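A quick note: this is a predicted structure, and the numbers were derived from the prediction, not measured.
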Amino acid sequence: MNSITQKERIVSLDIIRGLALFGILFINVGAFQIVVDGGTMPDYSGLNGIIDILINIFIEKKFFSIFSFLFGIGFYIFASRAEKRGDRPRWRFARRLFALLLIGIIHFVIFWGSILAIYAIIGFFLIPFYKVSVSTLSKWLGGIIIIHIISLFLNLFAPEMTIFSTVVDFFGNDVFTIFLMFLSGFLVAKADLLRRISKLSKQIRWIQIGLLPIFIGFSIWIWFASHGNNQDIQSIIALGVIPMTFFYLSSLFLMLENKRIVKFLKPVAYVGHMAFTNYVAQSFIGIAIISLMGLEAVSPNHIVIIAILIYMVQIIFSIIWFQFFNMGPLEKVWRFMTYGRNTITKQK
């Protein structure tokens, strides 16, 4: 396994981002069609039921968490580059978040499941950590993870503790998970671990091996809980998000140290390189496909088909787009809103 260059490292991050977008589709496609009372309901019997369980096991919450992790990396890269230019990094990032919030609100009007506005709001809580040392940041992250896991355990196994219910719900909800993953990605970038993946491959491998039985255990738990119609299925899924997401990330970082794999997945990198544009575009393409298919309800088998169709369209579009431009259209708008001037430079 040969060590990859810094340029290839950025491509690897784009690949992970592109794969995260693909996973997110399996969650969002079902939400593109609003189910109303008295209307046709999705079919969860037979094969559809199995597909739904597999989505719960391997995709639900995990790929949004990967996307959140990459957002944290992006925050540090953006802010540190701004500082090197003599800019005010925290102020500049705050302006970038305000722009994201505005775009997110507009997107929410079109697609109620949009995460952009929530990302922007949670992103403001990252700003105070910019000047914090790696050591202090590690302690903060470790503490937050412990609190998060304890809250999920209490919510699952001791729901009768109503005196703490508000606190437990706060630290155990999805919004807190997003912030936790933001902070994880930020720490990885700030500690400069991305440049040292090849040197740390042995340690990362041990993390992967250690998380594998946990990944398998939660997969089995979710499978049987789903078959048993366990009312706590969402809590079980939430409890497994952090270890399962870290297993995915460790596996992806190791896998993408291989140049042949990076080259093979280059089309996915194009999708990830304009992730903002493609995330927003997914809702438009998905709604159009559902309308063309004449679906009154989107069942799990439809989700698989539509997700693959959308992603194929986005791969083709992204490849063509980058033959003529250096960044995606929404990335260009976001940049303009961030800097107040139309400066487009090729990302390196």
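Proximity of the aromatic rings of Tyr270 and Phe317 is defined here by a centroid distance below 6.0 angstrom, and this criterion is not met. If you look at Phe22 and Phe26, their ring centroids are closer than 6.0 Å. Residues Tyr248 and Phe215 bring their aromatic ring centres within 6.0 Å.
For the ring pair (Phe, Tyr, Trp, His ring centres under 6.0 Å) criterion with Phe182, the lone passing option out of Phe75, Tyr119, Phe69 is Tyr119.
At least one cation-pi condition fails for Lys259 and Phe264: the charged atom is not both under 6.0 angstrom from the six-membered ring centre and inside a 45 degree cone around its axis. For the pair Arg17 and Phe67, the NZ or CZ position fails the cation-pi test of under 6.0 Å to the six-membered ring centre and within 45 degrees of the ring normal.
The side-chain hydrogen bond (donor to acceptor under 3.5 Å, both in side chains) test applied to His302 returns no partner, not counting sequence neighbours. Take Thr136 and apply the side-chain hydrogen bond (donor to acceptor under 3.5 Å, both in side chains) test, not counting sequence neighbours, and it matches Ser133.
At a threshold of 4.5 Å between non-hydrogen side-chain atoms, the residues Phe32 and Val298 do not count as touching. Taking 4.5 Å as the limit, every side-chain heavy atom of Phe170 sits out of range of all side-chain heavy atoms of Val175.
For the salt bridge (Lys or Arg N to Asp or Glu O under 4.0 Å) condition, the pairs that include at least one residue of residues 120-133, sequence neighbours left out, are Glu83-Lys131.
Atom CZ of Arg85 has more than 12 heavy atoms from other residues, nucleotides or ligands within 6.0 Å. The neighbour count for Phe98 CZ, taken as heavy atoms of other residues, nucleotides or ligands under 6.0 Å away, does not exceed 12.
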